[in-house]
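Nothing fancy with the numbering, it's 1 onward along the sequence.
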Amino acid sequence: MTISHAPPDLAAGLEKNPVPGSRTSPGLEPIVPASVRRARLRSVPRWLRRTVGPLLLLALWQVFSATGVLHPDVLASPGTIARAGGDLIADGTLPAAMGVSLQRVAVGLVLGGAVGTVLALVSGLSRLGEDLVDATVQMLRTVPWVGLIPLFIIWLGIGEAPKVALIALGVAFHLYLNVYAGIRGVDAQLIEAGESLGLNRWGLVRHVVLPGALPGAMTGLRYSLATAWLALVFGESINADAGIGFLMNQAREFFRTDVIVVCLVVYAFLGLTADVIVRTLERLLLQWRPTFTGQ
């Protein structure tokens with residue numbers, strides 16, 4: 001009986017590169033596919049992943065404040081801002097200011113949204129309406145609406161009217177553009193299919209055009225809410241005696257950077273809350289539309 005032996009060069013190769021899984025391969029590491037790594041990342045709650053960035057920024061801010069890199073007169077520390085916010089909530093100042101600002105945004109959003117949507121329907125559903133409306137709206141849209149504050153003061157005084165009008169103007173333009181684009185972006189083949197099924201003009205508008213324009217309308221609503229909060233900041237600088245902007249103006253006079261940051265945080269929180277509400281509406285109203293959610 002003959003015993004075969006591995007060639008010397010093969011044996012040397014096995015010693016240098018042992019077979020994976022054998023006892024002589026302590027230096028080898030298993031290869032983890034990219035799909036498995038992505039699955040491990042997805043196992044972490046999404047809300048936790050989204051908070052990593054803000055928490056790191058907050059930690060750096062606190063470190064810079066504690067080490068003296070950020071002087072309190074330039075920017076207060078997160079701890080000082082938290083105490084200032086707690087004091088404003090405890091004495092009722094901040095809730096009252098939030099209520100006034102929310103009321104202004106709500107009224108301006110309703111008025112501007114109604115005007116922008118009606119103009120978009122008139123312009124988008126009819127060529128005659130487009131000829132009569134679109135050119136005028138596009139011309140007015142190019143005018144900086146913040147620059148209209150002096151005219152609003154002359155026309156409407158210094159009360160609530162110019163503040164609400166400024167918000168409504170910014171909201172109307174965004175809704176008009178997105179609703180109009182949504183209407184004109186409806187597939188013509190869907191219109192032909194509806195006509196072949198016997199739908200009249202109102203039936204086409206109700207069952208084909210408006211559902212097809214709904215994604216654009218929801219996008220316009222998100223832009224409109226962001227513009228509404230931006231317009232509120234400018235509007236509350238017009239001789240305001242209440243609201244978040246009024247608190248900021250008072251804090252500016254006394255160099256209270258902590259109160260200013262509290263007001264900015266409130267603005268951001270209210271804007272984020274409004275955006276979350278609109279995104280929830282999108283998920284409820286646009287369940288029929290498959291979309292890409294990322295990998």
Student: With sequence neighbours excluded, tell me which residues meet ring pair (Phe, Tyr, Trp, His ring centres under 6.0 Å) with Phe246.
Tutor: none

Student: Any chance you could measure Leu197, atom CG, to Leu204, atom CG, to the nearest 0.5 Å?
Tutor: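 Reported to 0.5 Å precision, the distance equals 9.5 Å.
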
Student: When rounded to the nearest 0.5 angstrom, what distance separates CD in Glu282 from CG in Leu214?
Tutor: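 Those atoms lie 8.5 Å apart.
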
Student: Between Ile149 and Ile153, is any pair of side-chain heavy atoms under 4.5 Å apart?
Tutor: yes

Student: Using the rule that Ile, Leu, Val, Met, Phe, Trp and Tyr join whenever any side-chain heavy atoms are under 4.5 Å apart, tell me whether Leu109 and Tyr223 fall into a single cluster.
Tutor: no

Student: Given the rule that I, L, V, M, F, W and Y join up when any side-chain heavy atoms are under 4.5 Å apart, are Trp155 and Leu140 in one cluster?
Tutor: yes

Student: Restricting to non-hydrogen atoms, name the atom on Gly182 and the atom on Ala213 that form the minimum distance, rounded to 0.1 Å.
Tutor: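 Scanning both residues, the minimum pair turns out to be C-CB, 3.5 Å.
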
Student: Once you round to the nearest 0.5 Å, how far does CG of Leu232 lie from CG of Leu102?
Tutor: 8.5 Å

Student: Applying the 4.5 Å side-chain criterion to the ILVMFWY set and letting contacts propagate, would Leu70 and Leu58 be lumped into a single cluster?
Tutor: yes

Student: Tell me whether Gln189 at atom CD has more than 12 heavy atoms from other residues, nucleotides or ligands lying less than 6.0 Å away.
Tutor: no

Student: Would a distance-only check, ignoring hydrogens and angles, find a side-chain to backbone donor-acceptor pair under 3.5 Å from Arg252 to Ile260?
Tutor: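 Checked: no pair found.
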
Student: Counting only pairs under 3.5 Å, give me each side-chain donor-acceptor contact of residues 156-170, with atom names and distances, residues two or more places apart or in other chains.
Tutor:
unit_1	atom_1	unit_2	atom_2	d
Glu160	OE1	Arg104	NE	2.8
Glu160	OE2	Arg104	NE	3.4
Glu160	OE2	Arg104	NH2	2.8
Lys163	NZ	Gly159	O	2.8
Lys163	NZ	Ile238	O	3.0

Student: Which value, rounded to the nearest 0.5 Å, describes the distance between Leu132 atom CG and Ser123 atom OG?
Tutor: 9.0 Å

Student: Hey, is the main chain of Gly245 close enough, under 3.5 Å, to the side chain of Glu236 for a donor-acceptor pair?
Tutor: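 Pair found, side chain donor or acceptor close to backbone of Gly245.
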
Student: Just by distance, do the side chain of Trp61 and the backbone of Ala76 share a donor-acceptor pair under 3.5 Å?
Tutor: yes

Student: With distance as the sole test, does Thr142 use its side chain to make a donor-acceptor pair with the main-chain N or O of Met139 at under 3.5 Å?
Tutor: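 Checking the backbone N and O of Met139 against the side chain of Thr142, a donor-acceptor pair under 3.5 Å is found.
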
Student: Quick one: do Val107 and Phe173 end up in the same hydrophobic cluster if we chain Ile, Leu, Val, Met, Phe, Trp and Tyr together by side-chain heavy atoms under 4.5 Å apart?
Tutor: no

Student: Would a distance-only check, ignoring hydrogens and angles, find a side-chain to backbone donor-acceptor pair under 3.5 Å from Ser101 to Ile244?
Tutor: yes

Student: Should the pair Tyr180 and Tyr176 be assigned to parallel (<30°), tilted (30 to 60°) or perpendicular (>60°) ring geometry?
Tutor: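 It falls in the parallel class, under 30°.
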
Student: Go through it in stages, so that I can follow the logic: the residues are Thr227 and Ser224, the test is side chain to side chain donor-acceptor pair (under 3.5 Å), and I'd like the CA-CA distance, side-chain angles, deciding distance and then a yes or no.
Tutor: CA-CA 5 Å; Thr227 303; Ser224 298; over 6 Å; no

Student: Between Val259 and Leu88, is a side chain to side chain contact (heavy atoms under 4.5 Å, CB included) present by the stated rule, with each step listed?
Tutor: CA-CA 9 Å; Val259 176; Leu88 291 174; 4.1 Å; yes

Student: How about Glu130 and Leu125: do any of their side-chain heavy atoms sit closer than 4.5 Å?
Tutor: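 Result no, sub-4.5 Å side-chain heavy-atom pair not found.
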
Student: Taking the side chain as C-beta and beyond, is there a heavy-atom pair between Leu119 and Leu175 under 4.5 Å?
Tutor: no

Student: Apply side chain to side chain contact (heavy atoms under 4.5 Å, CB included) to Arg222 and Arg279, showing your working.
Tutor: CA-CA 8 Å; Arg222 293 182 67 181; Arg279 294 179 69 176; 3.7 Å; yes

Student: About how many Å separate OG of Ser65 and CG of Leu75, when rounded to the nearest 0.5 Å?
Tutor: 6.0 Å

Student: Distance check, rounded to the nearest 0.5 Å: Cys263 atom SG versus Leu94 atom CG?
Tutor: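 One gets 7.0 Å once the value is rounded to the nearest 0.5 Å.
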
Student: Give a yes or no on this: more than 12 heavy atoms of other residues, nucleotides or ligands lie within 6.0 Å of atom CD of Gln138.
Tutor: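 Atom CD in Gln138 is crowded, with more than 12 foreign heavy atoms closer than 6.0 Å.
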
Student: Sub-3.5 Å donor-acceptor pair from the side chain of Thr93 to the main-chain atoms of Ile89, do we have one?
Tutor: no

Student: Tell me whether the rings of Trp229 and Tyr267 are parallel (<30°), tilted (30 to 60°) or perpendicular (>60°).
Tutor: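 It falls in the perpendicular class, over 60°.
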
Student: Of all heavy-atom pairs between Leu247 and Ala97, which one has the smallest distance, and what is that distance?
Tutor: CD1-CB, 3.7 Å

Student: Considering residues at least two apart in sequence or located in another chain, which fulfil the salt bridge (charged side-chain N to carboxylate O under 4.0 Å, His left out) criterion with Asp134?
Tutor: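 Asp134 satisfies salt bridge (charged side-chain N to carboxylate O under 4.0 Å, His left out) with no other residue.
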
Student: Any side-chain heavy-atom pair from Leu60 and Leu56 closer than 4.5 angstrom?
Tutor: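 Result no, sub-4.5 Å side-chain heavy-atom pair not found.
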
Student: What are the two closest non-hydrogen atoms of Ser126 and Arg184, and how far apart are they?
Tutor: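 Where Ser126 meets Arg184 most closely, the heavy atoms are O-NH2, 3.9 Å.
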
Student: Begin with the C-alpha distance, continue with both residues' side-chain angles, and end with the deciding distance and a verdict on side chain to side chain donor-acceptor pair (under 3.5 Å) for Arg83 and Thr80.
Tutor: CA-CA 5 Å; Arg83 287 191 295 271; Thr80 304; 3.2 Å; yes

Student: Where is the tightest heavy-atom contact between Ala120 and Ile183, given as atom of each residue plus distance?
Tutor: O-CD1, 3.8 Å

Student: Can you check whether His174's main-chain N or O pairs, donor with acceptor, with Asn178's side chain at less than 3.5 Å?
Tutor: yes

Student: Report yes or no: do Leu225 and Leu285 belong to one cluster of Ile/Leu/Val/Met/Phe/Trp/Tyr joined by side chain heavy-atom distances under 4.5 Å?
Tutor: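 Per the 4.5 Å side-chain linkage, Leu225 and Leu285 are co-clustered.
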
Student: Counting N and O atoms only, with roles assigned by atom type, does the side chain of Thr67 sit under 3.5 Å from a partner on the main chain of Phe64, one being a donor and the other an acceptor?
Tutor: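 Such a contact is found between Thr67 side chain and Phe64 backbone.
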
